[in-house]
Every structure is written in structure tokens, then in C-alpha cells.
Amino acid sequence: MPDALTSALDRVVAWAGRPVIPTQIKGGLSHRILRLDTEDGDRWLLRVLDPRVSAAGLGIPLDLEIVNTTRAAETGVGARVLLTLPGAVLLEYIDGPTLDAPAVRDPAMAEGIAEACRRLHAGPRFATEFSIFRKQEELLALCRRHGLGTPAGYEDRLPAVAEIEDALAARPPATVPCHNDLLPENFILDGTTVRIVDYQLSGNNDPAFELGDIAAEADFEPDMVDRLTRAYFGDEDPAARVRLHLIMSNITWTLWFSVHHGLLAEHAAAAGFDYEAEAADKFAQAVRDLDDPGFGSLMDAVRGRRPSRVPRKAPPAPPAPPKEA
Ligand SMILES: Nc1ncnc2c1ncn2[C@@H]1O[C@H](COP(=O)(O)OP(=O)(O)O)[C@@H](O)[C@H]1O
Ligand SMILES: [Mg+2]
């Protein structure tokens, strides 16, 4: 029986009416991604979805990913969908550089990234819902069920996760169609416009999560969180909400890498990527932020108990009391 890749390629050739030259694109962490060239100069992108990714809880069902990819394309932010196949999709090839973390951190990029998010979020709603809290529970249940290792101390932080959810629920926003996995490699610069690919985790969600997730994946300093928040919302008030979602991104995607490492080990070998080390790194970042003295101020701000512009650093310690003689 031909494998999914061969049969997808056969169908693309039948659709195109001419041969294609496939070149595997490195960098995809989950699926098989190929650039297809024709001899007369056309170029497309074939994304062959691996059903094990969604079966392991690491992505939405394939048919819904294709629906969401098509809706994202309607906004002009996603790549145009040229052909949908069972478990595969042929896309417009976006001819430009894929971003990396330094590019996403570049202050000059904030406006373009915010604009791409705004356009995506103003588009048709997705066929799936997404909550980072439900995803965290789901991945943790998977780890427990399969006895997969999580970074030391992970379970000790679960009460903080519940507190963050409670604080964010005080003033829930309307949900919008979100990508939910905006690591730098899912942004492509198309001329001066930022485009977004890879709708594996897409679903309607709090837009502050989208921004917090971008910030987590590109390791933003608080100043850059403020800048991106301002570029997206027009003011910095939601920055506390974005920063709590930044923490949730790191806490939850820690488990994405734990599950990937435990259940899809051969992927790791193929991608040349150390999923276990990435899990440890993400968790260390979450712990850093949970233990930061400013964490309580973020919680108060999202609950509306104090102005959102929270201090960046802990206030200076009060002078020591005079020593008794
Ligand atoms: N439509 C596209 N046009 C050009 N390059 C693309 C396109 N889609 C993906 N890529 C490139 O392939 C890489 C991996 O694709 P992606 O869809 O993100 O796969 P994965 O789910 O495995 O991360 C991206 O980081 C980007 O460099
Ligand atoms: Mg990707």
C-alpha cells in the first residue's frame, strides 16, 4: 500500500498535470513538509499530516486542521489552500524568510506580528475551541496514563495553574480564532507582510493567549510584552493578562515536549531535535516567572484589583530596622 506521502504526491501530480520535484523542508516538528517545484517554475508547499500527532493529543483532528487552515487562508494571513486531500493539504508557497526568535524579538517586528494576529482574529471562527488550561490537563493526563517523565517539581506547580485560571476568569474576554502555537518558525515574512502557517493547534481562544504564547516562544522581556500588547490592543492594559498566558504557555508546552519525547520518539530522531531538553527549558522559564516577586501583582491586575501597569521589578527592600544595641 502506498504511504500517505506517496499517495498525496500522486494526487498532486494528477491535479497539476505535470511532474513535480519534491524537496523535504527541514524544521517541521510534527509533520512532513515538502516544497514542490515544477519544471516550468511553479512552486507549492505540501503538508502531509501525521495522524499519530493528533492521536497523541498534540494536535487537533486532521480534518478540522484542514478546515481551520482554509478559514485562516480566507483572511489572507494563512497560505492559500490549493488542494485538500485526505490527511494532506497543498498550499501556496510563501516565498520569504521564516522568522526565528531574534527576528520575533526585534521591536520593529511587533507591528507586523500584531497586524497578522488582528487579521486572523477578525476572520471566520474556527471549527475548534481551545483553552490552554484544558490542554494542560489533557497533556498531563496523557503523561500520567503512559508513565511519561515530566520535569522534576512539575506537579508542585499545579496549584498555581488553578490560581491563574481563576484570576483570568474574573474578566473573560470574547474568544476569537487563534493559532495557539505561534513559535517563530510559524511566521513567514512575505515582503513586508507577516504570514502565519501551521494550524495544528488552532481554535477559538482568548487573544491574550496568542500574544503570551508568542512572547513565551521568543523569550520576550516584559518591555517587549508591553510593546506587542500595545501594538495589538492599542494600549498596554491587557499586558498582565498576556504575561499570565506567557507563563501558561511555558507550563503547558513543557508537556507537549514530554509527550512528544515519550510517545513519538522516532520523530525526535528524524527532526534532530531534543524534545526532552526543550521540556526542561520551558519548565525552567515557567518556574522563573512563577517565583518572580512581581507575580502577585500580575494576578491582582487581571482580577482588577490594581492598575494593570505592574512594576517590572520588585520594589526596593525597605531600609533595615536599626540594630538594637
Ligand atoms: N506555505 C508555506 N510556504 C513556505 N514555507 C512554508 C509554508 N508552510 C510551512 N513552511 C515552512 O516549513 C516549516 C515547517 O512547516 P509547518 O507547517 O510549521 O510544520 P510543522 O507542523 O511540522 O511545524 C515552516 O517553519 C516554514 O519554514
Ligand atoms: Mg510549525
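Numbering of ligands and ligand atoms starts at 1, following listing order.
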Interfacing atoms of ligand 1 (cut-off 4.0 Å, heavy-atom, [X]):
X	value
Ile25	12 (O)
Arg47	16 (P), 17 (O), 19 (O), 20 (P), 21 (O)
Ala79	1 (N)

Just checking: Asn186, one of its N/O/S atoms, less than 2.8 Å away from the Mg ion (ligand 2), yes or no? yes
Can you tell me if an N/O/S atom from Asp198 lies under 2.8 Å from the Mg ion (ligand 2)? yes
Counting only heavy atoms not in Arg288 (residues, nucleotides, ligands), do more than 12 fall under 6.0 Å from its CZ? yes
Glu155 atom CD, over 12 foreign heavy atoms within 6.0 Å: yes
What part of [X], side chain, backbone, both or neither, has a heavy atom within less than 4.0 angstrom of ligand 1?
X	value
Asn186	side chain
Glu92	backbone
Ile94	both

Minimum heavy-atom separation for Leu255 to Gln136, with atom names? CD1-O, 3.7 Å
Would you name the heavy atoms of Gln200 and Val53 that are closest together and state the gap between them? NE2-CG1, 3.3 Å
Less than 4.0 angstrom from a charged side-chain N to a carboxylate O is my criterion; do Arg227 and Glu221 meet it? no
For atom 25 (O) of ligand 1, state which one of Arg195, Gln200, Glu185 supplies the nearest heavy atom. Glu185
Ranking Leu45, Thr98, Leu90, Leu183 by closest non-hydrogen atom to atom 26 (C) of ligand 1, top hit is Thr98
Check each of Asp63, Leu62, Leu49 against Ser54 using the side chain to side chain contact (heavy atoms under 4.5 Å, CB included) test, and report the only one that passes. Leu62
Determine the interplanar angle of the Tyr275 and Phe257 rings, folded into 0 to 90°, and report it as parallel if under 30°, tilted if 30 to 60°, perpendicular if over 60°. tilted
